[in-house]
Amino acid sequence: MELRDLPSVDELASEAGDPLAVDAARVVIDRAREEIQAGADPGDLAARLREELADARRPRLQRVLNATGVVVHTNLGRAPLAEEAVERVAEAARGYSNLEYDLVEGARGSRQDHVAAILRRLTSGEAALVVNNNAAAVLLALAALAEGREVVVSRGELIEIGDGFRIPDVLARSGARLVEIGTTNRTRAADYERAIGPETAVILRVHQSNFRVVGFEERPRLEEVAAVARKHGLPVVDDLGSGHVSPSNTVLLGQKEPTARESLAAGADLVCFSGDKLLGGPQAGIVLGRAELVERLRRHPLQRALRIDKLSLAALEGTLLLHLETPERIPVLRTLGQATTAVRERAERLAAATGGEVEETVGRVGGGALPLAELPSFACALEESLAAPLRAGEPPVVGVVRDGRLLLDCLTLTDEEAEEAAGLVAVAREHRRDEHGEDGNPGQGRADARS
Ligand SMILES: *Cc1c(COP(=O)(O)O)cnc(C)c1O
């Protein structure tokens, strides 16, 4: 085909009789022009238009198979929900609900009431408030308790969580003023004591989440910080980051990640943490602690802007109910709790089905929790050239490229997903063959590779 043989956008589009056809035809013709200029044959334009139209209607937010070995992977949507939580979401989504309606009184109620009692039971907190995410919880706590006044934070805790969420920036947005104390590696209780003045409103503790200072390092225990705060009549707000409510996690990982209950018992007046990290629920920010402080957050004008939506609330309630009785049904906890032999067997099955090799790997919790925890794991190692076609699969499979090979880590795949992945590897090899096929038609593979 020569450039002059290309139909016009309108000519190509008119054959399809589809409202999206003009945009799709433009894409197809532009691409065909490039290919002709590169000396290739663009092939059947009508067929490519049909593919383009199908692609335009394909949902962009889609399920993927997480073969990265990172359990709480922020880029891959963090925590998968338990089946029970998904059912709660579907029910709340399908019809009306008593979201803010008190069925006993027949009058307006609060969306917060649905999860407050169970959160209190799980953590011994006096009162609870749930917002859109933990970043919102920190912002709201500082705005409500420290606007126009000072917040004392250790330099060792002025962290960036990822995607530019930095504690000093959040603090500035809340209208509070940051007072930094100590150094990156050492902060003592006396540093807090010295920084407190008439303008001090809050002492903020931030979980170091995604990093650790090792070596010449010192941080006062929460009990000591709380003692200083009490002496001056100040509240301690403890941002736990991931946080969690099940003591079983600590056992599972053999490493310390503070629970909300422990932080409150150690003297924090408010704790906040994420709903979709180790808790294993939906995106949410959970605030727990002294009723009088929680009430100040609830009444702050920002609360309305940061509130949790009903679908997340339904998922959160479903997840919290499982924490009470059957936490092993929560996918994040199940993944963390599985036996390494089960992971190895899964990797062996996947390797046998795909002609790959079993390789020992190290999984991570992710989501800023337990950055040093190394989860023993096994992967199926395949040729690196499969990485891109697997990402274009239906569903996409996301693995890790290392040392010229693609590792499909089986820690974060269920047995069913590993089986599904084996089928997707076969499809990806087919595609790769098409793309580098002997027909010398590079356009073919490109047309169905989704960008
Ligand atoms: C993850 C994290 C946050 C942010 O939580 P989101 O739920 O992602 O908004 C805040 N503080 C700490 C310490 C964290 O680890």
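Ligands are counted one by one from 1 in listed order, and the atoms in each one are counted from 1 as well.
- Annotation for Arg166: atom CZ does not count as buried by contact number, only 12 or fewer foreign heavy atoms lying within 6.0 Å.
- The shortest heavy-atom distance from Asp239 to ligand 1 is under 4.0 Å.
- Checked by atom type and distance alone, the side chain of Arg108 never pairs as donor or acceptor with a backbone atom of Asp102 at under 3.5 Å.
- Set against the non-hydrogen atoms of Ala135, the atoms of ligand 1 under 4.0 Å away are 4 (C), 5 (O), 6 (P), 9 (O).
- Here Arg205 has no heavy atoms under 4.0 Å from ligand 1, in either its backbone or its side chain.
- Here is the list of ligand 1 atoms found below 4.0 Å of a heavy atom in Ser274: 5 (O), 6 (P), 7 (O).
- No donor-acceptor distance shorter than 3.5 angstrom exists from the side chain of Ser97 to the backbone of Ala92, with no hydrogens or angles considered.
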Full working for salt bridge (Lys or Arg N to Asp or Glu O under 4.0 Å) between Glu374 and Arg364: CA-CA 6 Å; Glu374 300 194 334; Arg364 298 279 170 191; 3.5 Å; yes
Run the salt bridge (Lys or Arg N to Asp or Glu O under 4.0 Å) test on Asp55 and Arg60 for me, step by step, so that the C-alpha distance in whole Å, both residues' side-chain angles and the decisive distance to 0.1 Å come before the verdict. CA-CA 9 Å; Asp55 188 48; Arg60 288 304 191 256; 3.7 Å; yes
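- A donor-acceptor pair is defined here as one N or O able to donate and one able to accept, closer than 3.5 Å; no such pair exists between the side chain of Glu419 and the backbone of Glu416.
- Counting atoms of ligand 1 from 1 in the listed order, those under 4.0 Å from a heavy atom of His207 are 13 (C).
- Atoms of ligand 1 lying under 4.0 Å from any heavy atom of Arg78, numbered from 1 in the order shown and given with element: 6 (P), 7 (O), 8 (O).
- Proximity of Gln283 to ligand 1, defined as any heavy-atom pair under 4.0 Å, is not found for any part of the residue.
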